[in-house]
Amino acid sequence: MKAALLKSYGDIDQFEIGDIPTPKPGPGEILIKIEASAVNPFDLILRQGFMANVIPLPLPAVLGGDAAGTIAALGDGVIGFEVGGRVVADFAANGKGAHAEYGVLPATSVAKLPAGLSFEQGASLVKAGLTGRQAVEALGVKAGDRVLVSGGLGAVGRSAIQYLKQIGAKPVAGVRAERLNEGRELAGDALDITLPTASPVFSYAISTAGPVAGNLISHVRDGGTIASIVPVPEAAKNGERVTIHELFHRTDAVTLDAVLDAALRGLLIIPISHIFPLEEIGLAQNTVAAGAPGKVVLKH
């Protein structure tokens, strides 16, 4: 099968399009013919080897965590799916990812893609949709609670904000000054997250933008709670003034079903800014690095 192979850690010149054996699904697994996959910032971190000590990849490696396509084969014991069915898939970071013609993963990491959503939309929703919801749920907020979300116009930030609105909470988008109007349009309220404050007013916050993690903490009052998907600088933690839950995405087919249902009903919109052919994975990664204003997707 055709795949975008990372030959060695480094820059985008380490990618090449090559042929590798098509995998076969084992017990409890599903083989997917991939039609679209998303390029996430984490893919760039993996490519450069910054996580090699924690997540060593078998080189050459296939990156890509989010995909959509059709089921090509079912492993023994898989129920609830059928060959030909449209699905989305949440691939692990193990070097056997989604930037290929086919991919195998556990059935527990797969969800059915509604007919009203395209493959490109499906691929764009997986980790952003899951992580945004998981961050909100970690806070335990209820209807009426105000929640500050840094990186509010990024994919995870948008997901969190739209889910907060869905449950009746009141999100505030933390964005750069020049994007305040966009933030207000999305969340209903926004503030300039590039500036710290000496007068914190929030009891809850979600941190999705690493460079302003310290500023976000300054906006949370004593005893408040933060769900963070980015590293929090030790100097910014200021002792135990606030409770910080540092989160890592986890695969969850039930939550993924809810994400797709929200997207189908128009309650969750993650804009796609660029679509590239699989062969242009290097350009796609550079587009993400340059700060693309929406999801970057590869069409297979």
Side-chain angles (χ1 to χ4, degrees), residues 37-46 51 54-55 63-68 88-94 97-98 105-106 108-111 113 117 121-141 147-167 169 171 173-175 186-187 193 204-213 216 225-232 244-263 267-273 288 291-297:
S37 60
V39 179
N40 295 318
F42 188 61
D43 296 327
L44 282 63
I45 294 172
L46 290 174
M51 297 290 289
V54 181
I55 308 175
L63 304 183
D66 304 344
V88 299
D90 183 12
F91 281 81
N94 59 7
L105 74 172
T108 52
S109 298
V110 177
L113 177 64
L117 298 175
Q121 287 174 303
S124 73
L125 290 166
V126 180
K127 283 187 174 59
L130 284 173
T131 307
R133 284 192 173 231
Q134 288 165 0
V136 170
E137 290 166 356
L139 291 178
V141 295
V147 183
L148 175 61
V149 182
S150 68
L153 294 174
V156 175
R158 286 178 181 273
S159 170
I161 284 171
Q162 290 172 86
Y163 185 47
L164 285 164
K165 292 170 69 175
Q166 190 177 337
I167 66 175
V175 297
L186 174 67
I193 197 63
Y204 302 101
I206 295 173
S207 181
T208 78
V212 294
L216 177 119
T225 305
I226 297 170
S228 178
I229 68 164
V230 295
V232 180
I244 301 175
H245 299 295
E246 295 193 55
L247 306 178
F248 299 92
H249 149 271
R250 64 183 186 277
T251 192
D252 182 341
V254 173
T255 301
L256 193 49
D257 283 335
V259 166
L260 296 169
D261 178 68
L267 301 175
L268 173 60
I269 298 172
I270 304 296
I272 297 172
S273 62
V288 171
K295 292 292 290 188
V296 175
V297 174

Q) Taking all atoms of both residues into account, what is the closest heavy-atom pair of Ala253 and Val110, and its distance? A) CB-O, 3.8 Å
Q | Listed partners of Ala173 passing side chain to side chain contact (heavy atoms under 4.5 Å, CB included), at least two apart | A | Ile161, Val175, Ala187, Ala190
Q | Atom pair OG/CG of Ser228 and Leu247 - distance to nearest 0.5 Å | A | 7.5 Å
Q) OG1 of Thr208 to CG of Leu216: how many Å apart, nearest 0.5 Å? A) 9.0 Å
Q: Assess whether side chain to side chain contact (heavy atoms under 4.5 Å, CB included) is satisfied between Thr251 and Leu105, documenting all intermediate values.
A: CA-CA 11 Å; Thr251 192; Leu105 74 172; over 6 Å; no
Q. Which pairs with one or both residues in residues 254-263 pass salt bridge (Lys or Arg N to Asp or Glu O under 4.0 Å), sequence neighbours excluded?
A. Asp261-Arg265
Q.
Looking at every heavy atom in both Ser159 and Gly132, which two are closest together, and how far apart are they?
A. OG-CA, 3.5 Å
Q: Supply the atom-to-atom distance Leu148 CG to Tyr204 OH, rounded to the nearest 0.5 angstrom.
A: 14.0 Å
Q) Once you round to the nearest 0.5 Å, how far does CG of Leu256 lie from CG of Asp252? A) 8.0 Å
Q.
My understanding is that only residues two or more places apart in sequence, or in another chain, count here; which of them pass side-chain hydrogen bond (donor to acceptor under 3.5 Å, both in side chains) with Arg133?
A. Gln166
Q) Between Lys295 and Ala155, what is the shortest heavy-atom contact and its length? A) CD-CB, 3.7 Å
Q: Could you tell me which residues satisfy side-chain hydrogen bond (donor to acceptor under 3.5 Å, both in side chains) with Asp43, sequence neighbours excluded, listed by chain and number?
A: none
Q: Search all heavy atoms of Val296 against all heavy atoms of Ser273 and return the closest pair with its distance.
A: CG2-OG, 4.4 Å
Q. Would a 4.5 Å heavy-atom cut-off, applied to side chains only, mark Val147 and Val136 as touching?
A. no
Q: Keeping the roles fixed (side chain from Lys165, backbone from Leu186), state whether a donor-acceptor pair exists under 3.5 Å.
A: yes
Q) Of the non-hydrogen atoms in Ser150 and Ile193, which two are nearest, and what is the gap between them? A) CB-CG1, 4.0 Å
Q. Any idea which heavy atoms bring Ala93 and Ile55 closest together, and the distance?
A. O-CG2, 3.1 Å
Q. After noting the C-alpha distance and the side-chain angles of Ile206 and Val156, does the key distance pass the side chain to side chain contact (heavy atoms under 4.5 Å, CB included) rule?
A. CA-CA 10 Å; Ile206 295 173; Val156 175; 5.9 Å; no
Q: Applying side-chain hydrogen bond (donor to acceptor under 3.5 Å, both in side chains), name anything that partners Thr225, two or more places apart in sequence or on another chain.
A: none
Q: Just jot down the side-chain hydrogen bond (donor to acceptor under 3.5 Å, both in side chains) partners of Gln121, sequence neighbours excluded, or say none.
A: Ser118
(Q) How long is the straight-line distance from OG1 of Thr131 back to CZ of Phe248, given to the nearest 0.5 Å? (A) 11.5 Å
Q.
Using the side chain to side chain contact (heavy atoms under 4.5 Å, CB included) definition, which of the options Asp90, Asn40, Val126 pairs with His249?
A. Asp90
Q.
Could you measure the distance from the CZ atom of Arg250 to the OG1 atom of Thr255? Nearest 0.5 Å is fine.
A. 6.5 Å
Q: Take Val232 and Ile226 through the test side chain to side chain contact (heavy atoms under 4.5 Å, CB included) and record every step on the way to the result.
A: CA-CA 10 Å; Val232 180; Ile226 297 170; over 6 Å; no
Q: Mind running side chain to side chain contact (heavy atoms under 4.5 Å, CB included) on Leu125 and Val88 for me, showing each step along the way?
A: CA-CA 9 Å; Leu125 290 166; Val88 299; over 6 Å; no
